[in-house]
Amino acid sequence: MQPVVHFKNVNKSYGALTAVDDLDLAIEPGQFVTLLGPSGCGKSTTLRMLGGFDSPTSGEIYLEGKPISHLPPNKRNVNIVFQDYALFPHLTVGRNIAFGLELKGMQHAAIHKRVTGLLSLVSLQDHAERMPAQLSGGQRQRVALMRALAPDPNVLLLDEPLSALDAKLRQQMQIELKSIQQKTGKTFIFVTHDQEEALTMSDVIVVMNKGRIEQMGGPDELYARPRSRFVADFIGQSNFLEGAVVSVSDGIAAVEWRGNVVHADVNGTSPVPGERATLALRPEALYCLSSKPEGRPALKGRVDQRVFKGAHTTLTVALENGSSLLVQIDPVALSHIEGDDVWVGWRDRDAVLLAN
Amino acid sequence: MKNLDVTRRSTLKLLATGAGVLAAPSIIRPAFAESKVVNITTYDKFVPQSFIDQFQKDTGIEVRIRLTDDQGKQYNLLTAEGATPSTDIVTVTGHRLSQFMKSNLLASLDTARLKNWDKLAAAYKGAPQLTVDGKTFGVPLLAGFEGLVRNTEYAKASDSWGIMFDDENKNLTSYIVSDFLSIVMRYQGNDGDYVTYGDKPDVAQTATNQARDFLIQHKDKVRKYYDAGSELQQMFVNEDIYLAQAWSGPAAKLVMDGHPIEISVPKEGTFGFLYSFNVVNNAPNADAAYTFLDAILSSPEIGAAMTRQSGFSSAFDGVDKVLNDKERAALSLPPEQVERIQFFSSINRDMKNDMIDKAAAEIKAA
Amino acid sequence: MRTYFNDLPKTALGASYWIFAVYLVLPLTLMTAMSFKDANFIAFPIGNWTLSWYAKVVQDKQFLEASLYSIGIALATTVSATIIGVWIALLVSAENIWGKAVIFALACLPAVVPGLINAISMRIFIRTVDIPTGTFAIILAHTVHAVPFVVIMVLTRLRSMPANLVDAARDLGADPFIAFLRVTIPYLMPALFGGMIFCVLTSIDDFVRTFFLGGYQPTLPMLIFAKVQGGMSPEINAMATIVLVVTTAIGIYAEHFTRRSRS
Amino acid sequence: MLDTTTQPRSVGLPTAPRYAGWIGRAASSGLYRNTIGLLVDSRRVRLAVLAGVPLLWIAMLHIGPILQMANISLLANYPPQPDKSSEYTLANYGLFFSDRLYFVPFVRSLVFAAVVTISTLVIVYPVAYYVAKVVQPKNRMRALLLLLIPFWAGELIRTFSVIMLLANRGALNVLLREFGFIDRPIPMLYTFFSLSFGVIYLLALYMLLPLYSAIEKIPTPLIQAAADLGAGPFQRFRRVILPLSKDGIVSGCSLVYLTAVGVFAAPLLLGGPNSVIFPEVIATLFHGSNDKWPEGAAFSMIMLVVSLTTVGLFMRIVGGRSVRLM
């Protein structure tokens with residue numbers, strides 16, 4: 001299938017500063033794609049280039065196979081939901097949504113029908129006559145979304161649209177956004193720095209760092225199989241173990257780490273014995289036992305700190321080899337209080353080797 | 001060189017027009033030069049409306065009046081317009097006449113074209129102050145003088161300008177600095193009109209400085225240096241001042257209105273001047289201007305209306321008979337005082353204006 | 001006790017407001033009162049009262065003509081100054097424009113040049129480029145004077161405008177011109193309204209520029225000044241009172257209008 | 001913000017909104033697309049249109065007249081006279097520095113303007129604060145409007161009304177005499193007092209509006225927070241309100257100062273023998289019996305440069321960033 005959006009070797013620099021570095025990205029139609037990364041990673045610039053508010057320094061952007069880099073924003077069939085919504089304060093909700101339709105030269109009756117339809121999609125059909133200032137944050141968010149959807153764009157761009165909402169509303173909107181995306185079948189490109197948002201809604205997550213793509217894939221894949229330390233660190237929490245490769249067999253690498261030999265999935269890398277390597281280990285992948293287990297690898301340590309977090313509890317375990325690990329356990333477990341001796345281990349495939 | 005200049009100017013013109021079109025209801029140059037129009041710059045109500053209506057009906061010439069309040073601004077306007085004036089007739093006071101003439105703004109008058117010229121009072125026909133090199137400038141309208149004005153209820157009568165410097169009148173006097181300088185020079189026995197100083201600038205400067213220093217020394221007597229006749233009237237009415245040097249017109253109007261005011265000419269004497277209508281040099285409608293001037297001379301009623309409006313005496317013959325008793329009384333002076341009036345000359349104006357202006361500025365700045 | 005101390009500054013502030021209001025309004029009240037005085041000159045006490053000055057003013061053809069002329073000039077000035085002012089403000093607020101600060105400073109120049117100097121230099125200038133004195137020249141001079149105020153007001157408002165409002169309009173299919181018409185202009189409305197009121201007031205009030213650039217038709221201030229020259233009589237107070245009442249009525253209507261459109 | 005209970009705007013008139021307004025229709029028409037639509041598509045055309053008219057306007061009508069005046073200030077004679085030279089000279093500027101005569105009114109003008117500016121600030125600040133922060137928001141416009149009414153009467157009328165108030169037989173003196181406080185009228189008119197009174201009366205608007213808008217923008221919670229942290233009224237004013245209204249103070253002071261430096265009619269009508277200021281000197285050079293346009297133009301240039309420099313320095317020292325009026 002032809003990608004709906006294709007960035008081909010796109011560079012964008014402002015003077016000496018490189019915002020986007022040789023970006024090559026193809027997006028399939030109908031997907032919910034999230035550009036995830038810390039601020040300054042180039043995700044917003046990428047979005048603005050797609051929207052037509054910035055032009056690439058070099059490279060070309062294709063929308064449905066046609067180059068669009070030279071087109072002004074008003075000639076591109078993409079629409080943006082802005083971070084602060086950018087609703088026109090002097091127009092009613094209805095007129096805000098009708099804005100793009102009016103400019104297409106549509107007649108009153110057709111516009112009216114479409115506006116009403118879109119508003120009922122988000123249960124705001126009674127609010128067509130209100131001014132944006134009279135709406136709540138979540139309502140404004142919905143209006144902005146419907147305004148951007150109204151002209152029936154190929155691709156909808158969302159620039160951190162949830163950042164201004166409170167935590168509870170944000171979760172609610174995540175679900176709503178995803179369902180609207182599914183109902184309309186449009187390609188959504190969503191920009192955020194919030195990994196939770198990304199994991200909840202996306203079909204594909206593109207993790208960006210310093211203007212480059214770090215890794216791209218489905219949420220579970222990214223979570224379970226981070227390819228780089230940056231991704232492992234940015235999405236969820238990880239323990240990082242640095243050691244030297246001892247041997248590789250059957251996709252499992254043995255790594256010498258502080259006098260112990262530990263195991264991890266090679267994760268698509270091709271480790272060479274003797275080389276240094278880093279492996280990433282999710283806290284929830286660790287098991288924690290009061291006594292040394294039989295037939296399973298385990299390292300001995302002592303509970304240093306215990307933090308109750310509601311859905312789970314985290315332990316900081318000081319190992320005998322001098323390092324410490326973050327371990328996540330069942331919150332109702334009454335054992336493993338501070339000062340207890342514990343054995344910590346993991347299944348070989350739950351640890352992943354990172355690319356150097 | 002000439003070519004270059006033309007190009008630059010037309011470029012500027014083009015640019016100005018371009019910028020102007022944005023704001024322009026019309027860029028068309030108004031038709032100043034129409035045969036059936038006469039443009040007059042003058043004072044409010046100076047020319048009676050009834051006369052204008054009649055004149056327009058009789059001759060078919062449209063009268064356009066531009067109101068002015070200040071000789072200086074009128075002069076600046078004419079100067080700025082240069083060789084293409086938009087005015088046909090201007091109203092000039094005697095002591096300003098030379099300035100207008102020097103800048104070549106006025107055309108000399110062909111009195112033969114005015115068949116009513118004889119209706120002027122004898123004294124003003126070809127008056128010396130309107131004559132330069134044998135040519136006549138302007139139709140005299142009104143005559144006035146610089147008088148000593150006092151509030152008869154508060155200020156005691158005096159026959160000398162010296163009363164203006166009496167300690168009794170501290171903070172109670174007012175005058176127009178430049179005019180009063182001339183009078184003080186006269187008071188001090190010098191030639192306040194500079195007629196005799198043509199080749200003696202040193203003597204003139206000494207005399208001027210003497211008057212200047214005297215006025216600075218007596219600055220504590222002054223409540224205000226004023227400019228306009230209405231200011232003077234207001235100060236007298238409000239009792240801010242009791243004593244002043246003033247043009248006779250505004251003061252006479254106070255008298256006509258029944259205020260306790262008296263105008264006199266002290267024994268040291270004073271200066272007189274004429275208001276005149278003048279045809280502007282290169283006037284776009286000179287013919288219409290002559291028709292208008294001739295018509296205005298035709299009736300003493302018009303002279304009387306001007307007198308009522310301004311408070312000055314008319315230069316037309318027979319106006320006395322038209323005025324009522326109260327008006328006549330306000331305008332009349334005892335014969336011995338009339339003799340003390342010396343009309344401003346048009347000789348040696350540059351020296352006079354330079355020295356007086358400088359001294360006036362120094363007095364104000366002191 | 002605590003509330004007493006808290007209220008003290010508030011009371012003082014209220015007092016300062018009302019004293020100031022009296023300071024502003026009292027002289028005008030006197031002026032209005034004087035318009036009923038039955039005498040040729042102005043002074044207290046008023047003595048006999050009369051309405052005859054109003055009768056005189058209302059029948060005065062000159063006054064009516066001058067008023068209409070002034071209003072016409074003010075409207076033309078307002079329209080042109082608003083267009084030019086907004087245009088300059090847009091240029092100054094645009095990104096990537098070289099010498100922005102200089103352009104802004106020059107745009108404000110006429111506001112800080114004293115009126116007299118402004119008028120004279122303008123008079124010399126229009127002679128240089130061969131524009132005749134008269135209505136057009138007056139409007140030009142008034143516009144030059146009013147433009148800086150419009151620029152400042154519009155610029156202040158533009159600075160507070162969220163940048164992505166225009167982006168949003170562009171995104172929804174508006175070209176730059178349509179985005180300007182449909183988004184920027186409505187957003188600027190309060191500033192434009194303020195600027196327009198300012199233009200009207202300065203234009204109607206202007207005397208010195210009008211004198212130097214005017215033709216034969218007197219504007220209101222020219223007429224009043226010329227009449228004043230003939231002696232301060234209550235007739236002028238009557239004129240001023242009428243002007244004041246009319247402008248106040250317009251102002252109150254404008255306030256009413258903005259309040260209604262805001263709610 | 002979260003006012004979801006508000007009724008739709010037109011309660012009694014449930015009209016369906018009319019979409020497809022004239023702008024939309026025009027913008028989508030072929031005519032528009034092929035004319036303006038095409039033009040604005042080009043960045044170069046857009047820039048030319050954006051910059052062209054303003055730059056032309058400023059060059060022609062803002063700078064042009066001043067340059068012409070600067071030109072005249074360097075001429076030996078203007079308007080040109082046949083018998084006199086019209087060479088370029090610096091003598092007109094030299095005149096200003098050579099004579100105390102012009103220097104005294106000049107300094108007087110600057111000092112006078114400064115005093116007026118500070119007085120206006122002190123008088124108007126509490127008023128602006130009261131309107132912006134104490135008056136209920138719905139009454140604010142009305143409170144402001146009451147203060148604006150006098151400014152619609154025109155400069156001339158306002159000046160004359162001050163005379164009616166302060167003259168020896170003006171309202172104030174008549175009143176004082178009526179109540180027996182004084183026997184003789186107090187001469188208030190034609191003094192520095194009456195001049196300042198009148199000029200402040202004329203210019204208060206230029207201070208009021210910028211101050212009001214600056215103070216109005218200070219978030220009230222900030223002031224409450226300061227109070228909560230134990231700051232008394234004075235502390236709150238000095239540490240919170242004053243710094244936050246700096247922009248308004250700078251704008252207001254600049255406007256009032258620049259206008260006060262060049263104020264012309266009021267000093268003529270309200271000033272006394274000892275309050276002659278510089279604009280009158282300049283006007284005399286233009287209006288005096290002997291025309292001295294070049295000198296007048298030179299003095300105008302000096303006044304322009306000095307007053308603008310003063311304000312520039314003031315802004316730099318105080319650190320105001322933007323000039324605003326409302």
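Bear in mind that the values here come from a model prediction, so they are computed numbers and not experimental data. Order of the sequence lines sets the chain letters (A, B, ...), proteins ahead of strands, with each chain counted from 1.
- When heavy atoms are compared at a cutoff of 4.5 Å, D:Arg169 approaches chain C by way of both its backbone and its side chain.
- Residues C:Thr184 and C:Leu158 form a side-chain contact, since some pair of their non-hydrogen atoms from C-beta on lies under 4.5 Å apart.
- Between C:Tyr23 and D:Phe197, the ring center distance clears the sub-6.0 Å criterion.
- For a residue to count as touching a neighbouring chain, one of its non-hydrogen atoms must lie under 4.5 Å from one of that chain's; by this rule C:Val147 touches chain D with the side chain only.
- Residue C:Ile139 comes nearest to C:Ser80 through the heavy atom pair CG2-OG, 4.2 Å, listed as atom of the first residue, atom of the second, then distance.
- Using a 4.5 Å cut-off between heavy atoms, C:Leu244 touches chain D through its side chain atoms alone.
- Chain D forms more heavy-atom pairs under 4.5 Å with one residue of C:Asp206, C:Leu106, C:Ile103 than with any other, namely C:Leu106.
- For D:Val131, the part lying near chain C is the side chain, with the backbone staying farther off; criterion is any non-hydrogen pair under 4.5 Å.
- When heavy atoms are compared at a cutoff of 4.5 Å, D:Ile200 approaches chain C by way of both its backbone and its side chain.
- Proximity to chain C involves both the backbone and the side chain of D:Val49, based on heavy atoms less than 4.5 angstrom apart.
- Taking every heavy atom of both residues into account, D:Leu205 and D:Pro210 meet most closely at O-CD, 4.2 Å.
- Within the 4.5 angstrom heavy-atom criterion, no atom of C:Met239 approaches chain D.
- Rounded to the nearest 0.5 angstrom, D:Leu255 CG and C:Phe149 CZ are separated by 6.5 Å.
- For chain C, the option among D:Ala143, D:Gly170, D:Ala59 with the highest count of heavy-atom pairs below 4.5 Å is D:Ala143.
- Contacts of C:Leu26 with chain D are made by side-chain atoms alone, with heavy-atom separations under 4.5 Å and no backbone atom involved.
- With a 4.5 angstrom heavy-atom cutoff, D:Leu308 touches chain C only via side-chain atoms.
- Chain D forms the most heavy-atom pairs under 4.5 Å with one residue out of C:Pro176, C:Ala21, C:Ala240, and that residue is C:Pro176.
- Heavy atoms closer than 4.5 Å to chain D are found nowhere in C:Ala89, neither backbone nor side chain.
- Every pair tested for side chain to side chain donor-acceptor pair (under 3.5 Å) that includes a residue from residues 99-121 of chain C fails, sequence neighbours excluded, so the list is empty.
- Proximity to chain C is limited to the side chain of D:Leu304, based on heavy atoms less than 4.5 angstrom apart.
- Put simply, of D:Ala297, D:Pro65, D:Ala171, D:Ser161, the one with the most heavy-atom pairs under 4.5 Å next to chain C is D:Pro65.
- Both the backbone and the side chain of D:Met164 come within contact range of chain C, with heavy atoms under 4.5 Å apart.
- In this structure the side chain of C:Phe207 reaches within 4.5 angstrom of the side chain of C:Met222, judged on heavy atoms.
- Screening residues 55-67 of chain D for salt bridge (Lys or Arg N to Asp or Glu O under 4.0 Å) gives no qualifying pairs among residues at least two apart or on separate chains.
- Within the 4.5 angstrom heavy-atom criterion, only side-chain atoms of D:Ile58, from C-beta onward, approach chain C.
- If you measure heavy-atom distances from C:Leu28 to chain D, the contacts under 4.5 Å come from both the backbone and the side chain.
- The distance from atom CG of D:Leu202 to atom CZ of D:Arg158, rounded to the nearest 0.5 Å, is 5.0 Å.
- Using a 4.5 Å cut-off between heavy atoms, D:Tyr129 touches chain C through its side chain atoms alone.
- For D:Ala128, no part lies near chain C; criterion is any non-hydrogen pair under 4.5 Å.
- Scanning all heavy atoms of the two residues, the minimum distance from C:Cys199 to C:Ala146 falls at SG-CB, 3.7 Å.
- If you check the side chains of C:His142 and C:Arg209, you find no donor sitting under 3.5 Å from an acceptor.
- Taking OG1 from C:Thr29 and CG from C:Leu24, the interatomic distance works out to 10.5 Å, rounded to the nearest 0.5 Å.
- In this structure, D:Phe160 and C:Leu30 have side chains that are not in contact, with every pair of non-hydrogen atoms separated by 4.5 Å or more.
- Heavy-atom distances place the side chain of D:Ile72, and not its backbone, under 4.5 Å from chain C.
- Per-residue counts of heavy-atom pairs under 4.5 Å with chain C were compared for D:Ile163, D:Leu146, D:Ile157, D:Leu50; the largest is that of D:Leu50.
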